[in-house]
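All values below come from the heavy atoms of this structure, side chains included, with hydrogens, waters and symmetry mates left out. Only a predicted model underlies this, so the values are computations on that prediction, with no experimental measurement involved.
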Amino acid sequence: QVQLAESGGGSVQSGGSLRLSCAVAGYIVSSLCMGWFRQAPGKEREGVAAIHSNGRTFYSDSVKGRFTISQDNARNTLYLQMDSLTPEDTSMYYCAASRGCFPSFYGDTFALATKTYVHWGQGTQVTVSS
């Protein structure tokens, strides 16, 4: 059973940075496809970044160039470096893991879809003030 635990959320001012972490237990992070999602009150959960087991990364247009997804195999941990934050980034952020890993040629739409993932963490809140 894969267990995911997010940390690193908090409150920052617009233009600031945060790094989210997702500790993975029960499986080797490098063998999974993993993603970061966010959900604001009253809105649907949306994918912001994903990483394939072969290292290929995927980003939503809203965060491309500002967020970076990475993983540390030695720590079995997934990260999301978030720079140039804006109030529109305020949300609960979740990490997620797939069962196995999808073919990397499936592309952004599949990699950032909630239905692609079966394991979810509890989330960490990010609040960006103007």
Side-chain angles (χ1 to χ4, degrees):
Q1 180 72 16
V2 177
Q3 294 181 314
L4 309 174
E6 303 95 335
S7 61
S11 297
V12 295
Q13 290 192 325
S14 186
S17 298
L18 281 174
R19 188 178 78 157
L20 305 184
S21 299
C22 175
V24 180
Y27 221 87
I28 300 172
V29 67
S30 60
S31 66
L32 297 170
C33 279
M34 298 198 67
W36 284 100
F37 291 75
R38 65 187 182 188
Q39 188 168 21
K43 294 188 176 182
E44 292 188 358
R45 190 170 296 190
E46 62 168 346
V48 296
I51 186 166
H52 194 274
S53 60
N54 67 9
R56 182 183 175 186
T57 56
F58 309 83
Y59 296 96
S60 68
D61 288 342
S62 62
V63 307
K64 200 170 293 182
R66 300 188 299 121
F67 290 12
T68 304
I69 188 171
S70 64
Q71 61 189 40
D72 184 329
N73 296 335
R75 289 181 167 81
N76 219 40
T77 300
L78 180 74
Y79 299 103
L80 185 69
Q81 177 66 40
M82 306 187 294
D83 299 318
S84 302
L85 286 161
T86 73
E88 288 68 36
D89 296 314
T90 294
S91 202
M92 184 71 79
Y93 283 73
Y94 301 87
C95 70
S98 63
R99 183 183 292 118
C101 201
F102 54 85
S104 63
F105 66 81
Y106 278 13
D108 294 2
T109 301
F110 190 88
L112 298 176
T114 56
K115 65 181 181 180
T116 299
Y117 301 88
V118 297
H119 306 288
W120 294 85
Q122 295 299 308
T124 186
Q125 178 68 37
V126 171
T127 302
V128 185
S129 58
S130 57

Exercise. Under 4.5 Å between side-chain heavy atoms, hopping through other hydrophobics if needed: is there a path connecting Ile51 to Phe102?
Worked result: no
Distance col, row Ser21:OG vs Gln71:CD, nearest 0.5 angstrom, shows 13.0 Å
Query raised in the report: Is the distance between the ring centroids of Phe37 and Trp120 less than 6.0 Å?
Result: yes
Are the side chains of Pro103 and Phe110 in contact, using a 4.5 Å heavy-atom criterion? no
query = Going hydrophobic residue to hydrophobic residue with side-chain gaps under 4.5 angstrom, can you get from Val63 over to Val12?
reply = yes
Check: Any donor-acceptor pair under 3.5 Å linking the side chain of Ser91 with the backbone of Ala40?
Finding: yes
Ala97 and Met34 have their tightest heavy-atom pair at CB-CE, 4.1 Å
**Report entry** Same apolar cluster: Leu32 and Ile69, side chain cutoff 4.5 Å
**Finding:** yes
Counting C-beta onward and ignoring hydrogens, is there a side-chain heavy-atom pair between Ser14 and Pro87 closer than 4.5 Å? yes
Tightest non-hydrogen contact, residues Ser17 and Ser84, listed as OG-N, 4.3 Å
Requested in this report: Answer whether the closest heavy-atom distance between the side chains of Asp108 and Tyr59 falls below 4.5 Å.
Outcome: no
Scanning both residues in full, the closest heavy-atom pair of Ser30 with Asn73 reads CB-OD1, 3.4 Å
Hey, does the side chain of Ser98 reach the backbone of Cys33 with a donor-acceptor pair shorter than 3.5 angstrom? yes
Are the side chains of Val2 and Val24 in touch, meaning some heavy atoms are under 4.5 Å apart?
yes
All heavy atoms of Val126 vs all of Leu18, minimum pair found to be CG1-CD1, 3.9 Å
Hydrophobic clustering (ILVMFWY, side-chain heavy atoms < 4.5 Å, transitive) - are Leu78 and Leu112 grouped together? no
Same cluster or not: are Leu80 and Val29 linked, directly or through other Ile, Leu, Val, Met, Phe, Trp or Tyr residues, by side-chain heavy atoms under 4.5 angstrom apart? yes
Checklist line | Heavy-atom check, side chain of Phe67 versus side chain of Leu85, under 4.5 Å | finding: yes
Separation between OG1 (Thr90) and CD (Gln125), nearest 0.5 Å, reads 7.5 Å
Met92 and Arg45, any side-chain heavy atoms less than 4.5 Å apart: no
Only one of Met82, Lys64, Arg66, Arg38 passes side chain to side chain contact (heavy atoms under 4.5 Å, CB included) with Val48, and that residue is Arg38
One should read off an interatomic distance between Gln3 CD and His119 NE2, to the nearest 0.5 angstrom, of 10.5 Å
SG of Cys101 to CG of Asn54, rounded to nearest 0.5 Å, is 7.0 Å
* Check: Tyr117 side chain, Ala111 main-chain N or O, donor-acceptor pair, under 3.5 Å -> yes
Check: Got a sec: does the CZ of Arg56 have more than 12 other heavy atoms crowding it under 6.0 Å?
Finding: yes
With a 4.5 Å heavy-atom cut-off, do Tyr93 and Glu6 have their side chains touching? no
